[in-house]
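Only a predicted model underlies this, so the values are computations on that prediction, with no experimental measurement involved.
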Amino acid sequence: MVYDYMAFPDGTEVVHTQILNAETNPTVEVNFERPTPNGFDSARCELPSYKWIERDGNYSDAEIKGFEEFLRNNAHLIFKFAKKGGICA
């Protein structure tokens, strides 16, 4: 299951998965996706390792660094909402 988290002013949507591997190594995947004229820019990061597991499109290194800072400030909430079934659950 994937849950909405927030949207940035530039149209980038942030969504996250439910808790994955809950019994062995709990993780959450967070996806950043921005519409473009030809589709989407997309970047996916796994928490709590902060490992980038996908990066497609034109996100700059500076944008990825900003996303990582955003994740470090929001990881506790993302895990909370992933466990709860989303922000509106």
Side-chain angles (χ1 to χ4, degrees):
M1 189 66 140
V2 176
Y3 306 107
D4 292 330
Y5 186 65
M6 70 170 300
F8 294 144
D10 71 351
T12 299
E13 297 277 339
V14 182
V15 301
H16 62 84
T17 64
Q18 64 203 28
I19 301 277
L20 306 171
N21 309 312
E23 305 206 2
T24 57
N25 183 29
T27 61
V28 174
E29 292 180 6
V30 181
N31 195 63
F32 297 84
E33 191 171 80
R34 170 177 64 200
T36 68
N38 299 320
F40 292 91
D41 293 330
S42 181
R44 183 174 298 153
C45 187
E46 182 181 78
L47 298 178
S49 68
Y50 297 93
K51 177 182 174 188
W52 291 94
I53 55 178
E54 181 184 309
R55 186 171 167 187
D56 294 320
N58 293 316
Y59 282 127
S60 68
D61 290 340
E63 287 174 304
I64 295 295
K65 186 176 180 179
F67 292 158
E68 192 163 320
E69 183 177 339
F70 169 83
L71 289 172
R72 291 190 184 278
N73 290 328
N74 286 270
H76 65 290
L77 293 172
I78 292 169
F79 265 94
K80 174 183 173 181
F81 297 135
K83 190 180 293 184
K84 187 176 165 184
I87 201 165
C88 294

Where is the tightest heavy-atom contact between [X] and [Y], given as atom of each residue plus distance?
| X | Y | value |
| --- | --- | --- |
| Glu54 | Ser42 | OE2-OG, 3.2 Å |
| Pro26 | Pro48 | O-CD, 3.6 Å |
| Tyr50 | Ala75 | OH-CB, 3.4 Å |

Under a single-linkage rule joining Ile, Leu, Val, Met, Phe, Trp and Tyr whose side-chain heavy atoms are separated by less than 4.5 Å, which residues share a cluster with Ile53? none
Under 4.5 Å between side-chain heavy atoms, chaining through other members, with only Ile, Leu, Val, Met, Phe, Trp and Tyr counted: pull out the rest of the cluster around Phe40, sorted by chain and number. none
[X]: partners by ring pair (Phe, Tyr, Trp, His ring centres under 6.0 Å), with sequence neighbours left out:
| X | answer |
| --- | --- |
| Phe70 | Phe8 |
| Tyr5 | none |
| Phe81 | none |

Under the rule for side-chain contact (heavy atoms from CB on, under 4.5 Å), what residues qualify as partners of [X], not counting sequence neighbours?
| X | value |
| --- | --- |
| Asn21 | Thr24, Thr27 |
| Val15 | Val2, Asp4, Asn31 |
| Lys80 | none |

To the nearest 0.5 Å, how far apart are [atom1] in [X] and [atom2] in [Y]?
| X | Y | atom1 | atom2 | result |
| --- | --- | --- | --- | --- |
| Phe67 | Arg44 | CZ | CZ | 13.5 Å |
| Leu77 | Leu71 | CG | CG | 11.5 Å |
| His16 | Leu47 | NE2 | CG | 10.0 Å |
| Thr17 | Met1 | OG1 | CE | 11.5 Å |

Run the salt bridge (Lys or Arg N to Asp or Glu O under 4.0 Å) test against Glu46 and tell me which residues pass, sequence neighbours left out.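 Here no residue qualifies.
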For Glu13, check salt bridge (Lys or Arg N to Asp or Glu O under 4.0 Å) against everything at least two apart and list the hits. none
Is there a path of hydrophobic side-chain contacts, each under 4.5 Å between heavy atoms, that joins Met6 and Tyr3? no
Spell out, yes or no, whether Leu20 and Val14 are grouped together once hydrophobic residues are joined by side-chain heavy atoms under 4.5 Å, including indirect joins. no
So which pairs with a foot in residues 58-71 pass salt bridge (Lys or Arg N to Asp or Glu O under 4.0 Å), sequence neighbours left out? Arg34-Glu63, Arg55-Asp61, Glu68-Arg72
Would a 4.5 Å heavy-atom cut-off, applied to side chains only, mark Val30 and Ile78 as touching? yes
Sequence neighbours left out, what passes side chain to side chain donor-acceptor pair (under 3.5 Å) with Thr12? Give chain and number order. Asp10
